[in-house]
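Working notes for the structure below.
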Amino acid sequence: MNNYLEQLNKEQTKAVRHIDGPLMVIAGAGSGKTRVLTYRIIHLLKNKINPYNILALTFTNKAAKEMRRRIENFVGISLANNLWMGTFHSVFARILRFEADKINYPSNFTIYDTEDSKNLVKSIIKDLNLDKETYKVGIIRNRISALKNNFITSETYHKSNDLMQADIISKRTEFGKIYQTYENRCKKSSAMDFDDLLLKTYELLSIHADTLIKYQEKFKYILIDEYQDTNQIQYLIIKKLAALYENICVVGDDAQSIYSFRGANIQNILNFKLDYPDYKTYKLEQNYRSTATIVEAANGLIKKNEKQIRKEVWTHNKQGEKIIVAQTNSDNDEGRLVANTLFDIKMNNDELYKDFTILYRTNAQSRPLEEALRRKNIPYKIYGGLSFYQRKEVKDLLAYFRLTVNPNDDESFKRIVNYPARGIGATTIQKINIVANESNKSLWEVVNSIENYNINLNKGTLNKISNFSLMINDFIIQNNQKNAYDIGEEIANKSGLFHHLYNDKTPEGISRFENMQELLNGLKDFCENNENNNLTNFIQDIALLTDQDNEKDTDFNKVTLMTVHAAKGLEFPYVFVVGLEENLFPSMMSGESQEDMEEERRLFYVAITRAEKRLFLSYANTRFRWGQFIDCRESRFLNELDENLLDKKDFNIQKKYNIYTKTKKQNSTYKNTTQNIFKNRRLKKLSSTNHQNHNQSNEKIVNGVIVKHAKFGKGKILNIEGDGANKKATVFFEGIGQKQLLLKFAKLDIIS
DNA sequence: ACCTCAAACATTTTT
DNA sequence: TGTTTGAGGT
């Protein structure tokens with residue numbers, strides 16, 4: 001397999017063959033960016049570079065996994081496995097665990113996800129007796145995160161008059177105090193949030209010269225994907241690591257920079273020239289992905305942005321069909337239109353479901369689309385939104401795991417100390433919390449030696465607390481002896497979580513129970529596939545995983561639904577971009593600022609350049625948002641596309657409703673009437689389709705019928721209540737007992 | 001301490 | 001529309 005260079009064009013080949021010295025590749029959408037990166041690594045390996053000396057940073061874990069797989073095909077598994085490849089966060093977490101003692105952290109530190117960190121901010125605001133209207137949790141947390149991403153610790157913050165002045169103006173004078181407390185609490189919980197993984201890495205490399213040299217020597221070759229989306233602190237780390245050898249290769253496209261909200265800075269691309277004066281740069285401008293129509297439309301759109309590096313993306317691909325732009329009456333109509341169109345194309349052209357994707361600006365838009373797809377029995381999967389590991393019941397069990405591995409993790413402690421209820425209520429926790437804060441200890445440290453503290457608690461409560469301590473200590477001891485699955489199962493049982501969820505026979509409760517089992521199954525898998533299969537190892541990077549990372553085989557051939565952000569780096573033959581309305585795409589949050597608008601435009605650029613064969617754009621005249629019907633106007637971006645490339649279709653069948661919407665300003669009662677009309681129509685549609693949607697077999701499920709359930713086995717129907725989507729069956733299963741199931745979800749086969 | 005229900009609230013985008 | 005919070009009852 002030495003022919004890898006033959007598969008590249010001239011510019012790509014130059015980039016791949018450039019081994020020594022700084023290199024910047026500006027790669028237009030669909031120009032083979034990933035291919036260059038992959039082949040460059042293969043080229044390095046073929047030139048006897050040790051894989052142990054190569055660091056490749058990607059934007060998602062999935063991208064890293066995919067790249068490793070491709071490299072493996074060329075150089076074999078043993079070389080490929082020794083590459084350091086992953087996201088900034090996961091690679092640095094690995095380094096930090098290894099070097100933890102140098103920054104006074106234990107190596108089993110916990111990674112707080114966004115929810116944990118929000119909860120922490122919330123409790124700090126409460127402890128400091130601050131007004132929660134002035135100090136909104138989200139705003140505070142975002143500010144902390146933004147500061148960290150610019151390498152501003154609470155210490156640096158307190159030295160900067162400008163920063164403090166900004167908080168005085170916004171009447172949040174205590175922000176500095178909150179930030180400092182936040183840092184302290186994380187520290188005493190032995191926890192790091194996402195931003196800390198970057199910040200502490202930078203601190204580690206700054207303070208310990210020997211450690212810096214060690215990693216500079218180790219990572220002789222550094223490659224970074226999606227460089228346009230790196231932020232200040234990532235830039236600083238890379239600069240340090242690459243300083244010795246300067247074998248740094250960055251690949252990116254300024255036109256696809258869409259993460260400035262999390263601190264990404266396009267300036268990093270421009271700085272490259274300054275930091276590495278003897279750099280080489282190549283531009284990849286030939287698009288291999290899309291039809292000429294799509295490439296031309298994308299070029300025309302991005303020209304409207306003032307801030308950009310000049311480049312002309314071109315293609316040899318055939319012209320292809322025009323881009324469909326469809327207008328519908330409502331978001332539900334839009335969903336139906338997409339589902340119908342998708343289905344027709346699949347059937348007529350004999351395509352696979354996996355060749356289609358539906359992209360939207362916000363996660364909340366997925367509902368009407370899902371409904372429409374379900375109605376047509378089109379299989380789909382959703383990326384983003386609540387991932388499996390963020391579900392309440394999963395996080396509850398994970399909190400026990402986390403506490404076992406790191407008992408100082410206060411957020412996990414608070415989560416489960418009284419769940420399931422064991423009589424340690426809010427008042428008790430508050431008392432413990434005060435003592436913990438005063439003595440700068442974690443909640444666990446206080447609880448674990450409660451007799452040493454003078455807390456006003458009655459005997460019963462003390463007893464309950466000591467039982468809790470005994471349980472956790474037992475978990476900690478067992479964790480040193482057992483594998484992840486065995487201790488996981490033990491924890492689920494002894495904590496009472498298993499029985500608590502098992503006893504909840506509501507349909508939602510059953511689903512929660514199943515999710516918990518799913519997590520335990522995950523532990524089993526982990527144990528079978530890993531040598532070092534203890535629980536500590538299992539939970540290490542769980543906070544960094546997304547649904548995309550643990551995709552199941554059964555999800556392979558399904559339509560993909562996701563935000564445009566999540567679609568970055570992916571490509572599909574057929575792409576639907578929905579919700580192209582003012583205040584949605586571009587987002588209303590982007591306001592009037594030119595910079596934000598340009599980012600929204602880049603986001604739309606990313607969306608349309610995902611398409612290989614055909615592109616469909618759509619918008620609705622009314623959309624259900626915030627529990628209300630909102631009138632919408634078509635997005636300005638649609639008018640920025642070359643009209644000769646578009647095929648506009650109007651699916652706005654019932655125009656008469658527009659008569660009302662046009663006069664809404666003058667008369668509010670009109671608006672209410674319109675809303676009611678829509679609401680009633682919506683309800684009617686829902687109930688009628690639910691009847692259609694019911695498979696005939698569900699009609700046959702009546703009292704006394706014997707059925708079979710995939711998990712629970714044979715059972716007898718005792719009662720049926722509700723109708724339509726809410727039709728619920730009470731079933732008695734042999735050896736398991738009585739359960740309530742929503743027929744909508746439960747897969748019941750009729751036996752007799 | 002715990003449960004229940006009604007009112008208030010909330011929406012970018014993510015590692 | 002769905003979820004979270006707070007008051008009030010047990």
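Residue numbers begin at 1 in each chain, while the letters A, B, ... track the order of the sequences. What you see below is based on every heavy atom in this structure, not just the backbone, and it leaves out hydrogens, waters and symmetry mates.
Taking only side-chain atoms of A:Thr87, from C-beta outward, the nucleotide of B:dT12, B:dT15, B:dC2 with the closest atom is B:dT15. Distance from the side chain of A:Ser587 is smallest for B:dT12 among the nucleotides B:dT14, B:dT12, B:dC2. Closest contact between the side chain of A:Ala421 and the listed nucleotides B:dT13, B:dC2, B:dT14 involves B:dC2. Side chain of A:Phe624, nearest nucleotide from B:dA10, C:dT1, B:dT14: C:dT1. Side-chain atoms of A:Arg361 lie closest to B:dT12 of the nucleotides B:dT12, B:dT15, B:dA1. Out of B:dA1, B:dT14, C:dG2, the shortest distance to the side chain of A:Ala566 is found at B:dT14. In the set C:dT1, B:dT15, B:dA10, the nucleotide with an atom closest to the side chain of A:Phe194 is B:dT15.
In this structure, A:Ile237 places its CD1 atom 18 Å from P of B:dT15, rounding to the nearest Å. The distance between atom CD1 of A:Ile424 and atom P of B:dC2, rounded to the nearest whole Å, is 9 Å. Between A:Asn142 atom CG and B:dT12 atom C1' there is a gap of 11 Å when expressed in whole angstrom units. Rounded to whole angstrom, the span from the CD atom of A:Gln234 across to the P atom of B:dT14 amounts to 16 Å. Following rounding to the nearest Å, A:Tyr383 (OH) and B:dT15 (P) show an atom-to-atom distance of 12 Å. Separating the CG atom of A:Asp331 from the P atom of B:dT11 is a distance of 19 Å, rounded to the nearest angstrom. Atom CG in A:Asp195 sits roughly 9 Å away from atom C1' in B:dT15 (whole-Å rounding). For the pair A:Ile429 CD1 and B:dC2 C1', the computed distance is 14 Å after rounding to whole Å.
Counting any heavy atom pair closer than 4.0 Å across all strands shown, A:Asn418 reaches sugar-phosphate atoms only and no base atom. Within 4.0 Å of A:Phe88, counting heavy atoms only, lies no atom of the nucleic acid at all. Within the 4.0 angstrom heavy-atom criterion, base atoms lie near A:Thr114. Within 4.0 Å of A:Thr427, counting heavy atoms only, lie sugar-phosphate atoms of the nucleic acid but no base atom.
Of the two residues near DNA chain B, A:Ala426 and A:His565, the one whose nearest nucleotide lies more 5' is A:Ala426. With DNA chain B read from its 5' end, the first of the two nearest nucleotides for A:Ala543 and A:Gly423 is the one closest to A:Gly423.
Residue A:Arg610 forms a side chain to side chain contact (heavy atoms under 4.5 Å, CB included) with just one option from A:Leu359, A:Val577, A:Leu615, and that option is A:Leu359. Screening A:Lys395, A:Arg415, A:Lys414, A:Lys122 against A:Asp116 for a salt bridge (charged side-chain N to carboxylate O under 4.0 Å, His left out) leaves a single residue, A:Lys395.
Cation-pi geometry between A:Lys304 and A:Phe604 is not met: the NZ or CZ atom fails to fall both under 6.0 Å from the ring centre and inside 45° of the normal. Seen from the ring of A:Tyr135, A:Lys126 does not count as a face-on cation partner, given the 6.0 Å and 45° thresholds.
Close to B:dT13, at under 4.0 Å from its OP1 or OP2, lies a side-chain N or O of A:Asn363. A close approach under 4.0 Å does occur between a side-chain nitrogen or oxygen of A:Thr563 and OP1 or OP2 of B:dT14. Within the structure, a side-chain polar atom (N or O) of A:Lys122 is placed less than 4.0 Å from OP1 or OP2 of C:dT5.
In summary, the side chains of A:Asp631 and A:Asn621 do not present any donor paired with an acceptor at a separation below 3.5 Å, with no hydrogens or angles considered.
Across C:dT4 and B:dT13, the matching P atoms stand 16 Å from one another, rounded to whole Å.
Listed for the A:Ser260 side chain is no donor-acceptor partner under 3.5 Å among the backbone atoms of A:Gly263.
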